[in-house]
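In what follows, chains are A, B, ... by sequence order, proteins preceding strands, each numbered from 1.
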Number of protein chains: 2
Amino acid sequence: MSEARVSQVHRALLGVRDLIVSGDLTAGTRLHEVALSEKLGISRTPLRSALAQLRQEGLVETISSGGYAVRRFSRDDVIDAIELRGVLEGTAARLAAERGVDASRLAELRWLLSEIDGAMRGSEAEMDFDRYVELNAAFHEMLWGLASETIYREIERISRLPFASPSAFLNKQSGVPAFRRSLYGAQAQHRAIIDAIGRREGTRAEAIAREHARLARLNLEYVLDEAPGLIPQVPALSLVVS
Amino acid sequence: MSEARVSQVHRALLGVRDLIVSGDLTAGTRLHEVALSEKLGISRTPLRSALAQLRQEGLVETISSGGYAVRRFSRDDVIDAIELRGVLEGTAARLAAERGVDASRLAELRWLLSEIDGAMRGSEAEMDFDRYVELNAAFHEMLWGLASETIYREIERISRLPFASPSAFLNKQSGVPAFRRSLYGAQAQHRAIIDAIGRREGTRAEAIAREHARLARLNLEYVLDEAPGLIPQVPALSLVVS
DNA sequence: GCTTCCAACAATGTATACATTGTGGCATAT
DNA sequence: ATATGCCACAATGTATACATTGTTGGAAGC
């Protein structure tokens, strides 16, 4: 799903997004186009195009007087984005169950599940965390596409908000034990979702997928309330102003 | 909610969108930037910005060789867009019920409902159809915003697809009796949604809102299967191929 | 000393010029 | 006659120049 294009717009998109997610540009900061274009080595035209796209994604907002600024997010904004992701993933799961899924695709999903099991083998400290993250992302992306292209697009869109994506709290540096422990329950939910889809149990698939996204909310609230020191380690969570 | 801005980008956005929705540009048509810029009297820079935004909205897609083309929609694409709108409106209603809504806002919604009743007074032929359309749009927009700004934004986004909006099959010229008759059931659902929210019955509110959107699907299937002559009267339905 | 107005500057919004890439047609060779 | 390769043109992608609007600092007047 990664675009091979190396257009200037694409470069600008990645560049600015990285500056925001990494916390280099803090919430509310005005984005001066000339300064940014010089910093990134990209002319203003593709840069502006990228900024407009980031506005659609929600990371950036327009200022009344013109131009763009890094958006501020409240805790509730993040919670709602996670909730929405859960609702949409639930819809993908429900529609997949109701409409039916090719056996080959279900088999591929089950293969992903067994691979995840493999990555989690051993103790919490021993597990192949990086591989889990990779496989988890692949699993979710495949789930998104089970129902239809339209559904996939919408979930992919909401997941562009860095803190709403299924991998938001699974960054590699994070050695938070509580996060790793939550993965066992998460994997059980993965299995249950696929099982429900296979049995054409739409309501069950939807409910579990919604609940699955709640893990991200739990992690969010844990970080914000009990371990604020971790905030810089979660993508774009530094943009959350209470 | 209407932007007062008269920027060239805004003009281009409205211009191109109108050309597409009106059926002037048919599905699959490549959008030549120079020709369009001359036709609209707008230079290429803001025009390209508008095209990029229309791509985000889904009306337009990029071509592999570069440039844009009017998107083709299948029947299933439209069905999924309507389904998604229903799911999201259901989420707005559920969250509103679960989280609670200010009495003043509920009162305003109930006032809208009574106004709709007023517009529907009399026989099918006598009713003030234009006013119904206007009030219906206002009701839905207000419902979208009951839960949170984030939810509102997402529903507003999906409703930008002309055939997914709550007003898609309520165009003024349409004198289709079947459509008008469906409005009585629709209004009953409006009441039930607000009643459920007032009683904090989230599940019920969500279910009814989802079912409410199904009316649009019924209308869609009626037009496509039984009255294809009406296709040009429904915004952007001419983009639906096969 | 504080406020207000004006002017200069700096930033965004727009237009246009340039570069690069894809496409189509024509000619030539098999 | 058909297929292939090359060349010319046209379209998009990018950079830059220009216009317009907002902002800030300083000076003058109260």
Side-chain angles (χ1 to χ4, degrees), chain A residues 1-20 24-72 160 239, chain B residues 1-20 24-72:
Chain A
M1 293 297 166
S2 63
E3 303 199 4
R5 287 191 61 186
V6 286
S7 68
Q8 297 294 79
V9 179
H10 192 62
R11 251 194 278 274
L13 202 59
L14 296 181
V16 178
R17 198 190 281 141
D18 187 61
L19 284 174
I20 295 174
D24 203 333
L25 296 168
T26 59
T29 305
R30 181 165 186 172
L31 297 166
H32 295 271
E33 297 178 359
V34 281
L36 264 180
S37 71
E38 287 168 6
K39 189 167 189 171
L40 298 173
I42 291 169
S43 80
R44 277 183 60 218
T45 304
L47 172 66
R48 280 174 63 84
S49 181
L51 288 175
Q53 186 163 336
L54 285 173
R55 189 179 91 93
Q56 293 291 324
E57 289 183 14
L59 270 187
V60 148
E61 64 190 358
T62 56
I63 301 178
S64 61
S65 63
Y68 297 90
V70 180
R71 193 165 154 214
R72 298 170 189 275
R160 286 273 179 79
L239 302 180
Chain B
M1 295 295 164
S2 63
E3 304 199 5
R5 289 191 59 186
V6 287
S7 68
Q8 298 294 80
V9 178
H10 192 63
R11 252 194 277 274
L13 201 59
L14 296 180
V16 178
R17 198 189 283 143
D18 186 60
L19 284 173
I20 295 174
D24 202 333
L25 295 168
T26 59
T29 306
R30 182 164 185 173
L31 297 166
H32 295 272
E33 297 178 358
V34 282
L36 264 181
S37 71
E38 287 170 5
K39 189 166 188 171
L40 298 172
I42 292 169
S43 80
R44 278 183 58 220
T45 303
L47 173 65
R48 280 175 62 84
S49 181
L51 289 175
Q53 187 163 337
L54 285 172
R55 189 179 91 92
Q56 294 290 325
E57 288 183 14
L59 270 187
V60 148
E61 64 189 358
T62 57
I63 301 177
S64 59
S65 62
Y68 298 89
V70 180
R71 194 165 153 214
R72 296 171 189 275

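Atom CG of B:Leu51 is separated from atom P of D:dA11 by 15 Å (rounded to the nearest Å). Rounded to whole Å, the distance from NE2 on A:His32 to P on C:dC9 is 19 Å. One atom, CD of A:Glu33, and another, P of C:dT14, lie 11 Å apart when rounded to the nearest Å. One interatomic measurement links the two molecules: CZ of A:Arg55 to P of C:dG13, which rounds to 11 Å at whole-angstrom precision. Atom NE2 in B:His10 sits about 21 Å away from atom P in C:dT12, given to the nearest Å. Spacing between atom CD1 of A:Ile63 and atom C1' of D:dT21 amounts to 14 Å, rounded to whole angstrom units. The distance between atom CG of A:Leu13 and atom P of D:dG13, rounded to the nearest whole Å, is 15 Å. What separates CD of B:Gln53 from P of C:dG13 is a distance of 13 Å, to the nearest Å.
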Practice task
Go through the steps to decide whether B:Val16 and B:Leu47 satisfy the test side chain to side chain contact (heavy atoms under 4.5 Å, CB included), and finish with yes or no.
Solution key: CA-CA 9 Å; B:Val16 178; B:Leu47 173 65; 3.8 Å; yes

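Across all strands shown, B:Arg30 has heavy atoms under 4.0 Å from sugar-phosphate atoms exclusively, and none from any base.
Here the CG atom belonging to A:Leu19 is positioned 10.5 Å from the OG1 atom belonging to A:Thr29, to the nearest 0.5 angstrom. Rounding to the nearest 0.5 angstrom, the gap separating the CG atom in B:Leu51 from the CZ atom in B:Arg44 is 10.0 Å. Rounding to the nearest 0.5 angstrom, the gap separating the CD atom in A:Gln56 from the CZ atom in A:Arg160 is 11.0 Å. Of the inter-residue distances, the one linking B:Asp18 atom CG with B:Leu25 atom CG reads 10.0 Å to the nearest 0.5 angstrom.
The phosphate of C:dG13 (OP1 or OP2) has no side-chain N or O of B:Gln8 nearer than 4.0 angstrom. OP1 or OP2 of C:dT23 has at least one side-chain nitrogen or oxygen of B:Ser65 nearer than 4.0 Å.
With contacts defined as side-chain heavy-atom distances shorter than 4.5 Å, the pair B:Val70/B:Leu59 does not qualify.
Shown for residues 41-50 of chain B: residues whose heavy atoms fall under 4.0 angstrom of DNA chain D, namely B:Arg44, B:Arg48.
Contacts classified as salt bridge (Lys or Arg N to Asp or Glu O under 4.0 Å) and involving residues 61-72 of chain A (residues at least two apart or in different chains) are not found.
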